[in-house]
Amino acid sequence: MNNLKNLRGTVDLLPDQLIKWQNVEKILLEQLARASIKEIRTPILEMTELFIRGIGEGTDVVSKEMYTFLDRGERSCTLRPEGTASVARALIQKGMSSNPLQKLWYMGPMFRYERPQAGRQRQFHQLGVEFIGYDSVRSDVEIVALAWDVLSKLGIKELNLEINTLGDVSDRLNFQKSFLKWLEINKNSLDLDSQNRITKNPLRILDSKDIQTKKTLENAPRLFNFLSEKSHKRYSDFKKQLEVLKIPYVENFNLVRGLDYYTHTAFEITSGALGSQATVCGGGRYDNLIKQMGGPNTPAIGFAIGLERLILLAGKEFEVPRNTDIYIINQGFIAEQLAMDLSRKLRNYDLLVELDLSGSSFSKQFKKANKLKSKSIVVIGEDEATKKEFIIRLFAQSDNGNKEEVISLENDFGLEKWINNNLLAK
Ligand code: HAM
């Protein structure tokens, strides 16, 4: 029989690897809480129609990459490829999308059937932030600043912010007319993939990676030149405010993003330290999505950070595990019971406590405590059990020698004092 394996493009994360994830996530969540952003959790599984209507049928995500299947009730379901459409749906459904001004975040697995490579998986994780009901340029700036600061706070180097504006619907329609004419004339100079996109999703041709296509596109009409005066002003105000905040940016007129819901601001943050999958964060404004999905007219903007890429970028300092504070060495029937009781008491403190359950010899348990570099140990053997006490020993942090005390198991005050003086003291 073949051994069972995980599916291609999915990854098991083991305890040692998760230390880095947890340390990074802790900082992310702290930053979000400090910015007064609230969490929202939506299902991983949604009706397929949500993504067709929300993301757009002509996008690669919807047409090629979704995990879609019929459930036992013959309903077409899809594992979410991203979080924005689900957040919009949830708010419309709960009648909350018109409740003005909500700042929300979510974190969890997303699914896209892409070709796996470093930084690209079929099940990957995103941290997403959505500002719902926000219309002002200031909200665009806050979103970008938030993404930028979160990444900088994690010490990530070589960050580049690329921005563009996609205008509003009528700007885009005007551009599209002229762009389609140009595409018909220049069709043969485009790569095959781009030729196929002419009818499905012409805007996406703009971010083709094909060198010949890129060269041909240099002479194509520019969306920028079709922007209304209002859209122009919005974009230039956005840039000015980024400059005030000293957030460096590069304009990329070919940045169109892979999802259809964007209007006006679109942005991506890349890092030179990543390989070909350099985009660690992508986002933009989506003023029509909620209305288009059946909700009231609600402007919104957001971004998502790819956590696998973020973990690749985060430094070694995030790989350091928290040391055990107290390792409880115990042996003998009564001693083991008392040790269990003590370990429960110790969990009332912000300490990392490990109760040895191996039942092995004292010397083996000592070795394990040493290996874990535990800051202290508690010893309860038969002698201690009879006397209803335990030995607690703090290992020397410098040359002062180890510090040891015998404390009665009934003396909770003595235990607390010892902990406060030795383990919790700053
Ligand atoms: P997205 O650009 O499709 O945007 O994805 C955001 C980020 O998720 C990417 O920049 C990348 O870091 C990560 N990512 C995407 N696909 C994969 C993959 N196959 N493997 C690993 N990482 C991946 C969105 O999803 C939008 N919902 C963002 C948004 C929120 N826009 C407005 N609000």
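Everything quoted here is computed from the prediction, not taken from an experiment. Atoms within each ligand, like the ligands themselves, are counted from 1 in listed order.
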Visitor: Hey, what polar pairs (N/O, under 3.5 Å) does ligand 1 make with protein?
Guide:
{"residue": "ligand 1", "atom": "2 (O)", "partner": "R257", "partner atom": "NH1", "Å": "2.9"}
{"residue": "ligand 1", "atom": "2 (O)", "partner": "R257", "partner atom": "NH2", "Å": "2.9"}
{"residue": "ligand 1", "atom": "3 (O)", "partner": "R112", "partner atom": "NH1", "Å": "3.0"}
{"residue": "ligand 1", "atom": "3 (O)", "partner": "R112", "partner atom": "NH2", "Å": "2.9"}
{"residue": "ligand 1", "atom": "4 (O)", "partner": "R257", "partner atom": "NH2", "Å": "3.0"}
{"residue": "ligand 1", "atom": "5 (O)", "partner": "Q126", "partner atom": "NE2", "Å": "3.1"}
{"residue": "ligand 1", "atom": "8 (O)", "partner": "Q126", "partner atom": "NE2", "Å": "3.2"}
{"residue": "ligand 1", "atom": "10 (O)", "partner": "T279", "partner atom": "O", "Å": "3.4"}
{"residue": "ligand 1", "atom": "12 (O)", "partner": "T279", "partner atom": "O", "Å": "2.9"}
{"residue": "ligand 1", "atom": "12 (O)", "partner": "V280", "partner atom": "O", "Å": "3.2"}
{"residue": "ligand 1", "atom": "12 (O)", "partner": "G306", "partner atom": "N", "Å": "3.3"}
{"residue": "ligand 1", "atom": "19 (N)", "partner": "E114", "partner atom": "OE2", "Å": "2.7"}
{"residue": "ligand 1", "atom": "19 (N)", "partner": "Q121", "partner atom": "O", "Å": "2.8"}
{"residue": "ligand 1", "atom": "20 (N)", "partner": "Q121", "partner atom": "N", "Å": "3.0"}
{"residue": "ligand 1", "atom": "25 (O)", "partner": "R112", "partner atom": "NH2", "Å": "3.1"}
{"residue": "ligand 1", "atom": "25 (O)", "partner": "Q126", "partner atom": "NE2", "Å": "3.0"}
{"residue": "ligand 1", "atom": "27 (N)", "partner": "E82", "partner atom": "OE1", "Å": "2.6"}
{"residue": "ligand 1", "atom": "27 (N)", "partner": "T84", "partner atom": "OG1", "Å": "2.9"}
{"residue": "ligand 1", "atom": "27 (N)", "partner": "Y261", "partner atom": "OH", "Å": "3.0"}
{"residue": "ligand 1", "atom": "31 (N)", "partner": "Y262", "partner atom": "OH", "Å": "2.6"}
{"residue": "ligand 1", "atom": "33 (N)", "partner": "T84", "partner atom": "OG1", "Å": "3.3"}
{"residue": "ligand 1", "atom": "33 (N)", "partner": "E130", "partner atom": "OE1", "Å": "2.8"}
{"residue": "ligand 1", "atom": "33 (N)", "partner": "E130", "partner atom": "OE2", "Å": "3.2"}
{"residue": "ligand 1", "atom": "33 (N)", "partner": "F303", "partner atom": "N", "Å": "3.4"}

Visitor: Is it the case that the side chain of R122 and the backbone of P116 share a donor-acceptor pair, with hydrogens and angles ignored and the cut-off at 3.5 Å?
Guide: no
Visitor: Pairing donors with acceptors under 3.5 angstrom, does anything connect the side chains of Q117 and S276?
Guide: yes
Visitor: Indicate the ring-plane relationship of F224 and F253, choosing parallel, tilted or perpendicular according to the 30° and 60° boundaries.
Guide: tilted
Visitor: According to the interplanar angle, ranging from 0 to 90°, do the rings of F131 and Y134 count as parallel (below 30°), tilted (30 to 60°) or perpendicular (above 60°)?
Guide: tilted
Visitor: Scan residues 25-37 for pairs that pass side chain to side chain donor-acceptor pair (under 3.5 Å), counting only residues two or more places apart or in two chains.
Guide: none
Visitor: Taking 4.0 angstrom as the limit, do D260 and R204 come out as a salt bridge?
Guide: no
